Structures are given as C-alpha cells and as structure tokens.
Amino acid sequence: MHTHEVPSYLAKDNLGPWEIYLEQIDRVTPYLGKLAYWVETLKRPKRILIVDCPIQLDDGSIAHFEGYRVQHNTSRGPGKGGVRYHQDVTLSEVMALSAWMTVKNAAVNLPYGGAKGGIRVDPRKLSIHEIEKLTRRYTSEINILIGPDKDIPAPDVNTNELTMAWMMDTYSMNQGRTATGVVTGKPIALGGSLGRRDATGRGVFVAGAEAAKRINLSLEGARVIVQGFGNVGNASARIFHDHGAKVIAIQDVNGTIHNTNGINPHDVLDHIAKTGSIAGFKDAEVIDPKDFWELETEFLIPAALEKQITAANAGKIKAKIIVEGANGPTTPQADDILSEKGTIIIPDVLANAGGVTVSYFEWVQDFSSFFWTEDEINKRLEKIMIEAFKGIWDVALDKKVTMRTATFITACTRVLEARALRGLYP
Ligand code: NAD
C-alpha cells in the first residue's frame, strides 16, 4: 500500500476513484525512465473550481447544488472532458475522471489535456425546466475556465445533446457571440458532428474486435453482456449485435434482463422509448443483478459507473475480454485477480476514447465551419482507435504488462515529454 499526501481540501471527501488513479500512476512510474522526474505533475490537478449553483425550483423555493470543474493537465493542449449530473458526484470523483481524460487524450494522441465537470444532483428529481436553469447557472459559474481554446466540456452520465445546447447558448450569451466550439456532443443543428452519438460505443466495439482478432475469437455468435444502457452501453450493444455478436444480458439502474438466445438491443431501445425503463421487456427473463457478473460470456462491457468490478466479483467473472466502456469500472485489486486468470481488459482510457475522438472531430469541424460525412467520420475514428490499440498491444507484449499499464506508459510518456519540453514557469 502506498501512502499519498492528501491535500487539505480532500480531508472529508471519499477518496475512492482518485486513490485508484494514484495507484495506477504508481504502477506505471517504473516504466517512465527519466520522465519519472516529472511524475508528481500527474498526481495533482492543475486547477479546481468549486461552484455553488442556486436555482429557483418550480414550486418557488430555492435549492443549492454543488458543481465542479477540474482541469487536471493542459500540457498538450486545452482541457477536454465531460460533465456529469449524479447524486453521488464528489470532488475526488471529478478529479479522477479529469485525470483519466488526460491519460485517454494522450493515449489516442489527441491535442488535448484532461478536464471533467460535475454537479451533485439527482436529475430524476428535477423537471426539465429546473435542469435547464441548473445547467445555465453552472455554465455561467464555470465561464471563467471554459472556452473553445481553454477547456471544452461534453456529455457524460445524465447529460446529453440538449444539455450541451444549453451550455453552448449560455456561454455564447456571456461572450456576446456564438461560440459553437465551446462544447462538443451538441445537436447537429448547432454544429454537432455526425457520428458523435454512437462514437463511444463504436470505439468500444472497434477495441473489442481488435482484441478478439488477436486471440482468434470470432465475433459471429460471440456472447456479450452489458452493464449500463445509456449513451455508451446501448451503442456498444447495438454495434456488437449488428456485427453478428449475441447480446445475452443487459443491466441498468432498473434491473437486469437475460436471454441465452440473445436480446435484440434495438428492440430494448424501442421498449425504453415507450416505457422509460428496461423493466418489462418481454423477450428476456429478469435475473438478480449480482448474477449478471457470473454469466458465461465472451465479452463483458461495463458501461455504467466506477468500481463495479471489485475483488468481491472479479473471481467469478467468466468473460474472456472486458471492454471498459465506463470510466474507472475496475479496481486495481480486481485488475490483478483478472489478469492472473488471463482475462484481457481493454482499459477505459483506451476502450472508451471513441467519444472524445469524435468530439475532437466536432471541435475541428466547428473551427473550420466545414462538416464531414458520417462515413468519413467513422473511418477516421476507426483508424485512430486501431492504431492506438496496435501500439498499446505491442507495448504490453514488449514490456510484459497489462493493457492498462501499457496504455498508461504510452500516455504518460506523451504528457510528461510535453511537460519536460515546456519546462517550469517561471
Ligand atoms: P448515461 O447517463 O447515458 O447512461 C448511464 C447508464 O448506466 C444508464 O443506463 C443507467 O441506468 C446505468 N446505471 C446507472 N447506475 C447504475 C447501477 N448502479 N447499476 C447498473 N446500471 C446503472 O451515461 P453514459 O454517457 O453512457 O456514460 C456511462 C459511462 O461511460 C460513464 O462511466 C461515463 O463516464 C463513460 N463514458 C461516457 C462517454 C460518452 O461519450 N457519453 C465517453 C467515455 C466514457
């Protein structure tokens, strides 16, 4: 166990995800050579902004929500990373998510640093008008940090294209000009990019398919189980299904459905559109959420929240390949248990980089006011994912390390090279 100096502002916080990130950095440090001199820079976010967001609720009362924007690192370019609305958001979680963005952006070689934002709120308890007010107030409060060449937010858990439209509009109103490039994941009508909606899931599929190829696993009929059926989970499930794989279980916050003969994720999506939940989907049985992890399957795609695969369930997981759609789903202890068993884990910082890659395309298109075809976008996305996967797979073989450590070696080397070249100011 390593001990880390804990900054005073974290004293009462839950250290979970940030501690996991620090452990990952400790694991990669021996492989950084001379660049290890700069490694402390990765253990501290560059900037943290904590904001109070008061809004008037529909019933006339006032409610306060705590929001964050963390810029973890900007050595390689502006901050980039999503905004999460969830009742369990904490500063340390946003810090970890911002740090994973630094690693992810460098892993696929995008010209960005890492950032992330969040508001501690259960959006299910607010009306659409209240969510809009909260989004606009939060955007105004973090206005001093964000901007198309400073820090560019995007959707994450419980935020979507509409949230991005409000953020873009609010920032633009504050600036007195329309600035589409301040956020990505926008609706197409406001400078959004074709292919962005499914981009993270498409990247998850490409990464999973690359891994399968290397262990001679055919995608035809390969079983897939997915935790989370939001932006990432449902796109991943649909794209695996469309390539001949068989989705046999889906878990979300409302329950777990299972059918060994396969579930059509397109039908599940239609069912959710009609009823608001996966519960009651007729072509599958409901199983206990705990049993999800023990199912016989080739692929497991966690696409919900952090710390889902832990020492408690890792030993029971039968999947050959885990493709981390979610950020931080696996603890370091679970990582060790699974890699000892020979399970291939394609880490979040590589597997779910498709989203930020197409966000990068969106940002470039906004700057040039010239928009690409969906086919062009998907091809470029695939190329970036396959090249990154190949480079990292080779590092893993060469250094005899896991894919996670190989991704961290690749990414941290890029970030610290930039850090070393820039030098310390003043
Ligand atoms: P989302 O809000 O669209 O969907 C989240 C899904 O998780 C929902 O289906 C929800 O029911 C499910 N879920 C929530 N709590 C759960 C629980 N306790 N048990 C089981 N399921 C639960 O969010 P998203 O954008 O799909 O993000 C999912 C994950 O992917 C997050 O870790 C996010 O950081 C990561 N990610 C998202 C993107 C993106 O482009 N949206 C990109 C990279 C990584």
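Predicted, not measured: the structure shown is a model, and the values here were computed from it. In each ligand, atom 1 is the first atom listed, and ligand 1 is the first ligand listed. One-based numbering along the sequence shown. Both backbone and side-chain heavy atoms feed into the values below; hydrogens, waters and symmetry mates do not.
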*Proximal candidate to atom 40 (O) of ligand 1 [heavy atom criterion; set D198, N160, T200]*: T200
*Between T184, V232, N327, V349, flag the one that comes closest to atom 38 (C) of ligand 1 by a heavy atom.*
V232
*Between H271 and F229, is the ring centre distance below 6.0 Å?*
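When the ring centroids of H271 and F229 are compared, they turn out to be at least 6.0 Å apart.
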*Kindly indicate, with the supporting measurements, whether the criterion side chain to side chain donor-acceptor pair (under 3.5 Å) is fulfilled by T184 and K80.*
CA-CA 9 Å; T184 58; K80 181 94 192 81; 2.8 Å; yes
*Is a side-chain donor-acceptor pair under 3.5 Å present for T163 with N160?*
yes
*Do R136 and T170 have side-chain atoms, one donor and one acceptor, less than 3.5 Å apart?*
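Indeed, the side chains of R136 and T170 share at least one donor-acceptor pair under 3.5 Å.
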*asked:* Quick check on E306 - does any of its heavy atoms sit under 4.0 Å from an atom of ligand 1?
replied: no
*With a 4.0 Å cut-off on heavy atoms, does R197 reach ligand 1?*
no
Please report which non-hydrogen protein atom sits nearest to [atom], along with the residue it belongs to and the distance in Å to one decimal place.
atom                    : value
atom 23 (O) of ligand 1 : V157 CA, 3.5 Å
atom 19 (N) of ligand 1 : Q227 NE2, 3.7 Å
atom 41 (N) of ligand 1 : N231 OD1, 3.7 Å
atom 9 (O) of ligand 1  : F229 N, 2.8 Å
atom 11 (O) of ligand 1 : V253 N, 3.1 Å

Quick one: which ligand 1 atoms are inside 4.0 Å of a heavy atom on [X]?
X    : answer
G228 : 6 (C), 7 (O), 9 (O), 12 (C)
L305 : 15 (N)
R196 : 40 (O)
R84  : 31 (C), 32 (O), 33 (C), 34 (O)

*Which word best sums up how the rings of H72 and W18 line up, parallel for under 30°, tilted for 30 to 60°, or perpendicular for over 60°?*
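Rings of H72 and W18: perpendicular, as their planes differ by over 60°.
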*When the ring planes of W372 and F361 are compared, do they come out parallel, tilted or perpendicular, using 30° and 60° as the limits?*
tilted
*Mind running side chain to side chain donor-acceptor pair (under 3.5 Å) on R120 and Y68 for me, showing each step along the way?*
CA-CA 9 Å; R120 190 176 317 117; Y68 310 95; 2.5 Å; yes
N/O separation below 3.5 Å, [X] to ligand 1:
X    : result
D156 : yes
K104 : no
A304 : yes
N158 : yes
G230 : yes
L97  : no

*Carefully, step by step, assess T159 and D156 under the rule side chain to side chain donor-acceptor pair (under 3.5 Å).*
CA-CA 5 Å; T159 56; D156 191 73; over 6 Å; no
*Are any non-hydrogen side-chain atoms of S359 and Y112 less than 4.5 angstrom apart?*
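No, their side chains stay 4.5 Å or more apart.
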*In a check of salt bridge (charged side-chain N to carboxylate O under 4.0 Å, His left out) between R238 and each of D198, D267, D270, which one passes?*
D198
*Have a look at ligand 1 and work out which part of A303, if any, has a heavy atom under 4.0 Å from it: side chain, backbone, both or neither.*
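Under 4.0 Å from ligand 1, A303 contributes backbone atoms alone.
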*Assess whether side chain to side chain donor-acceptor pair (under 3.5 Å) is satisfied between N73 and S75, documenting all intermediate values.*
CA-CA 6 Å; N73 192 287; S75 292; 3.1 Å; yes
*Just jot down the side chain to side chain donor-acceptor pair (under 3.5 Å) partners of H86, sequence neighbours excluded, or say none.*
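Counting only residues at least two positions away or on another chain, H86 forms no side chain to side chain donor-acceptor pair (under 3.5 Å).
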